[in-house]
Amino acid sequence: MSLLYTFDIDTASELVASLAQKAQKRRLEKGLSRDALSMMSGVPAPTIAKFERKHTISLLSFISIAKALGYTKDIKTLLSEPLFNTMEELETINKNKNRKRGRNEFNK
């Protein structure tokens with residue numbers, strides 16, 4: 001079932017840019033240089049700089065930075081609970097809770 005309205009207007013690129021800006025802000029709030037964060041996270045300083053400027057980073061490096069900045073709990077809770085918009089979607093989630101494989105279906 002499709003929804004009439006969608007309020008999720010952020011593109012993937014916009015979300016990555018927002019994450020990069022927030023990570024840089026948290027780094028600066030803690031008074032850390034890129035080199036210091038690099039030592040704490042194990043992510044090379046040029047990779048941190050590229051993330052902050054061009055919003056490009058691997059998931060593993062992003063998680064390492066987030067952990068170094070103290071966001072381990074937030075990373076662990078991401079995607080931990082199912083989200084639903086309709087009762088029909090909740091019923092589908094509950095029906096498929098123990099599935100090990102997906103189907104070739106896409107509900108429009």
Side-chain angles (χ1 to χ4, degrees):
M1 171 184 215
S2 65
L3 301 174
L4 289 174
Y5 301 103
T6 179
F7 297 102
D8 183 13
I9 57 173
D10 293 322
T11 65
S13 295
E14 290 169 334
L15 291 171
V16 172
S18 176
L19 287 172
Q21 292 165 354
K22 289 175 184 177
Q24 181 180 25
K25 185 175 182 180
R26 298 294 89 82
R27 174 181 67 78
L28 294 172
E29 288 170 348
K30 290 181 178 264
L32 297 172
S33 66
R34 289 179 181 143
D35 288 332
L37 181 57
S38 174
M39 289 175 47
M40 292 171 63
S41 66
V43 176
T47 300
I48 296 170
K50 185 176 180 183
F51 177 48
E52 291 178 355
R53 286 194 310 254
K54 297 184 179 180
H55 316 136
T56 303
I57 196 165
S58 73
L59 180 59
L60 182 62
S61 293
F62 174 75
I63 290 173
S64 297
I65 290 169
K67 282 184 62 179
L69 293 172
Y71 289 92
T72 301
K73 181 180 175 188
D74 298 289
I75 294 293
K76 283 184 170 184
T77 58
L78 185 65
L79 302 175
S80 64
E81 294 293 324
L83 297 179
F84 57 92
N85 294 314
T86 65
M87 288 306 293
E88 181 181 277
E89 193 175 3
L90 176 60
E91 289 171 5
T92 301
I93 289 168
N94 286 330
K95 181 177 92 176
N96 293 327
K97 265 194 172 160
N98 296 317
R99 289 189 60 84
K100 301 291 183 218
R101 297 183 63 166
R103 293 188 196 110
N104 291 332
E105 295 178 10
F106 180 74
N107 295 328
K108 293 182 180 183

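- Of all non-hydrogen atoms in Phe51 and Ala23, the two that sit nearest each other are CE2-CB, 3.9 Å.
- Using a distance-only test at 3.5 Å, with no hydrogens or angles considered, a donor-acceptor pair links the side chain of Ser58 to the main chain of Ser61.
- Atoms CG and CG, from Leu32 and Leu37 in turn, are 6.0 Å apart once rounded to the nearest 0.5 Å.
- In this structure, CD1 on Ile75 lies 11.5 Å from OG on Ser80, to the nearest 0.5 angstrom.
- In the hydrophobic clustering of ILVMFWY residues, with side-chain heavy atoms under 4.5 Å counting as a link, Leu60 and Leu19 come out apart.
- Looking at every heavy atom in both residues, Lys67 comes nearest to Thr72 through CG-OG1, 3.5 Å.
- Met87 CE to Glu91 CD: the interatomic distance, rounded to the nearest 0.5 Å, is 6.0 Å.
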- Checking side chain to side chain contact (heavy atoms under 4.5 Å, CB included) for the pair Gln24/Arg27: CA distance, chi angles, key distance, verdict? CA-CA 5 Å; Gln24 181 180 25; Arg27 174 181 67 78; 3.9 Å; yes
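- For residues 28-48, the pairs satisfying side chain to side chain donor-acceptor pair (under 3.5 Å) are Arg26-Glu29, Arg34-Glu52, with sequence neighbours left out.
- The distance from the CD1 atom of Ile48 to the CD1 atom of Ile65 is 4.5 Å, given to the nearest 0.5 Å.
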